[in-house]
Amino acid sequence: MARSTTAQRTKKAAMTTLGDDVRVGIYVRRSTDDEHQPYSIEAQDTRLDAYIGSQPGWRLVARFPDDASGATTERDGLQRALAAARAGLIDVLLVYRVDRFSRNLRDMVMLLDELDQAGVVFRSATEPFDTSTPMGRMLVQMLGMFAQFERDTIIDRVIAGMERKHAKGKWKGGKRPFGYQVDKTTHTLIVDQHEAVIVRLIFDLYTKDRLGSRAIAKILNDRGHRTSSGGKWSGYQVIRALNNRVYLGELTFRETTVTDTHAPIIDLTRWEQAQAILDARGESHAHRAASGSDYVLTGRLRCPKCGKAMIGTRATGRNRTYRYYTCWNLARYDASKCDFRRLNADAVDAAVLDALTTFYRTRHDLIADAITHEQKQHRAAHADRHAELATVESEMTKTGVAIARYLTAFERGTMDEELVADRLTELRAKSKQLRVRRDELTLALDDEPAMPEPATLAAVADQIAEIITSGTHNQIKALVEALVAKVTITGPDRLIPVFRIPQPRNNDGAAPALPAETAPNGVVRTMTKSVGRAGLEPAAKGL
């Protein structure tokens with residue numbers, strides 16, 4: 001991919017002195033385990049601000065914070081930083097330490113290469129390297145290797161410590177199980193007599209009275225019993241308690257079980273009775289609803305009654321397992337929270353995927369309408385942006401003239417040095433703000449939605465058909481995440497999917513425009529698996 005002229009100019013400057021006006025973006029990250037480390041967001045901000053102030057011509061234009069593990073690049077702040085680099089909004093990306101950027105060597109190399117292609121220099125405020133030089137790039141890769149080594153070592157030590165505790169029958173850490181307290185001296189579980197009564201009641205109601213999990217949860221809540229966190233009981237929490245072998249006096253970690261580690265609350269006979277009923281009702285661990293990744297439309301369906309997410313659930317019949325999308329309130333509590341009926345997941349998935357294929361294969365007219373509508377919206381907004389850009393550029397000119405006037409007056413000796421210094425500080429701060437706003441407006445003006453070429457749409461349609469026909473579950477899931485924005489439920493057997501339209505990369509090598517989206521001109525009937533043609537006008541909006 002060819003680099004943009006702007007990127008080449010920026011990189012050329014970066015390889016020398018970075019110029020007199022260097023736009024700096026700072027990336028700060030707090031790890032998920034940083035309660036044991038001195039790298040708070042505030043501490044990083046302080047050090048980075050001081051570092052920028054020490055560099056001549058540097059100015060802070062953007063800040064990209066994250067509160068996530070450095071083991072992955074799927075971090076919101078990091079992705080925004082990369083987007084800003086590709087768009088030419090920054091000249092330098094500054095971090096406190098390399099391990100704040102990434103703890104994975106492969107990711108580090110990939111990220112540095114992406115910054116390099118964008119013409120952006122990567123710097124650390126506490127480590128001596130400069131990625132504008134070959135030696136600097138080698139050093140940062142070495143530091144990345146040590147960061148990954150440190151992370152892997154920490155993980156190994158933590159897991160080894162947990163395994164040692166587990167082998168000795170001690171509680172490895174984490175949230176305590178309901179019915180037990182943790183002895184802080186011996187790190188063993190001891191029975192909480194008050195909560196143990198509730199645990200035995202749950203097993204009795206399930207095995208003797210044959211009540212369902214939701215009925216048991218209702219009884220517990222009506223009697224004023226609460227969970228260890230003080231919340232109300234749900235059917236899901238009851239099932240978890242019935243499946244938890246900790247109540248037999250056992251502890252399991254990484255598929256290894258140690259027996260007789262603490263006093264049991266439930267005897268083996270009662271436990272086996274509960275497991276038999278759980279298995280018959282399809283509520284055991286082996287028959288519980290799979291994770292969200294097993295349902296391709298997870299996160300894209302909302303209950304039309306209460307607005308909660310529709311989650312994947314399943315039930316076991318005599319000869320097969322049935323998959324459903326069920327309202328979160330109904331699945332976790334009961335019909336008193338929400339009584340919207342569950343949907344057949346197989347039929348819903350097939351209907352939406354069929355509609356997706358048809359949309360990209362035959363409905364180019366809808367795609368064109370959506371892009372045209374979005375372009376009109378974009379251009380209408382650009383009138384205001386053009387006007388603001390003209391104002392900003394005019395103010396920049398006036399500010400530059402004022403700065404020159406004050407400097408001339410100072411050189412001639414007609415104005416006091418202190419007065420000139422104060423006024424110049426104000427004018428330069430204003431000039432920096434204007435430049436930042438000018439860059440933002442310029443980027444927005446260039447970012448116009450475009451109609452994909454027919455060949456692109458044909459290729460997308462072919463790829464969709466191939467994935468649906470012969471792809472793996474993970475490939476189908478990725479396809480839905482890329483092209484299905486949401487699915488609105490309008491009835492028990494009627495859905496309105498909203499599809500995304502991919503945008504081509506522009507010639508300057510910038511990031512692709514955020515996708516437009518459009519709804520097919522109709523509804524999907526999940527029972528007949530067909531796409532209707534009436535009842536919905538095409539809609540489009542930027543994401």
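Numbers for residues simply follow the sequence, beginning at 1.
The ring-ring contact (aromatic ring centres under 6.0 Å, His included) test applied to Y27 returns no partner, not counting sequence neighbours. The side-chain hydrogen bond (donor to acceptor under 3.5 Å, both in side chains) search around T399 returns none, not counting sequence neighbours. Under the side-chain hydrogen bond (donor to acceptor under 3.5 Å, both in side chains) criterion, S229 pairs with T227, not counting sequence neighbours. Among residues two or more places apart in sequence or in another chain, the side-chain contact (heavy atoms from CB on, under 4.5 Å) test is passed with A62 by F64. For E393, there are no salt bridge (charged side-chain N to carboxylate O under 4.0 Å, His left out) partners at least two apart in sequence or on another chain. Scanning for side-chain hydrogen bond (donor to acceptor under 3.5 Å, both in side chains) contacts around R300 gives an empty result, with sequence neighbours left out. Scored by the side-chain hydrogen bond (donor to acceptor under 3.5 Å, both in side chains) test, N329 finds no partners at all (sequence neighbours excluded). With sequence neighbours excluded, the residues satisfying ring-ring contact (aromatic ring centres under 6.0 Å, His included) with F178 are W233. R302 is linked by a side-chain contact (heavy atoms from CB on, under 4.5 Å) to A309, counting only residues two or more places apart in sequence or in another chain. Considering only residues two or more places apart in sequence or on other chains, R405 meets the salt bridge (charged side-chain N to carboxylate O under 4.0 Å, His left out) condition with none of them.
Counting only N and O atoms by type, the side chains of S234 and Q237 include a donor and acceptor under 3.5 Å apart.
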- Query: What's the verdict on side chain to side chain contact (heavy atoms under 4.5 Å, CB included) for I489 and M310, showing C-alpha distance, side-chain angles and the deciding distance?
  - Reply: CA-CA 10 Å; I489 303 170; M310 300 289 287; 4.0 Å; yes

- side chain to side chain contact (heavy atoms under 4.5 Å, CB included) evaluation trace for K308 with C338: CA-CA 9 Å; K308 285 287 188 178; C338 182; over 6 Å; no

- Task: Starting from the C-alpha separation in whole Å, work towards a yes-or-no answer on side chain to side chain contact (heavy atoms under 4.5 Å, CB included) for V484 and V296.
- Result: CA-CA 10 Å; V484 180; V296 298; over 6 Å; no

Show me the donor-acceptor pairs within less than 3.5 Å that the side chains of residues 426-434 make with the rest of the protein, sequence neighbours left out.
| residue | atom | partner | partner atom | Å |
| --- | --- | --- | --- | --- |
| E426 | OE1 | R423 | NH1 | 2.9 |
| K430 | NZ | E395 | OE1 | 3.2 |
| S431 | OG | R435 | NH1 | 2.9 |

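Looking at heavy atoms from C-beta onward, R80 lies in side-chain contact with P65 at the 4.5 angstrom threshold. Using a 4.5 Å cut-off on side-chain heavy atoms (C-beta onward), K305 and C327 make no contact. With contacts defined as side-chain heavy-atom distances shorter than 4.5 Å, the pair L115/L111 does not qualify. Side-chain contact between W58 and R123 is present, with heavy atoms from C-beta onward closer than 4.5 Å. For the pair V61/D91, no side-chain contact is recorded, criterion being any heavy-atom separation below 4.5 Å from C-beta on. Y325 places none of its side-chain heavy atoms less than 4.5 Å from the side chain of I311. In this structure, F122 and V95 have side chains that are in contact, with non-hydrogen atoms separated by less than 4.5 Å. In this structure, the side chains of V352 and V480 stay at 4.5 Å or more apart for every pair of heavy atoms.
For Q463, the CD atom sits in a loose shell: 12 or fewer heavy atoms of surrounding residues, nucleotides or ligands are nearer than 6.0 Å. No more than 12 heavy atoms of other residues, nucleotides or ligands lie within 6.0 Å of CD in E466, so this atom counts as exposed by the packing criterion.
Put simply, the side chain of R23 gets close to the backbone of G88: a donor and an acceptor are under 3.5 Å apart.
Sorted by first and then second residue, the salt bridge (charged side-chain N to carboxylate O under 4.0 Å, His left out) pairs involving residues 45-58 (not counting sequence neighbours) are D45-R63.
Across all non-hydrogen atoms, the minimal contact from L330 to F340 is CD2-O, 3.4 Å.
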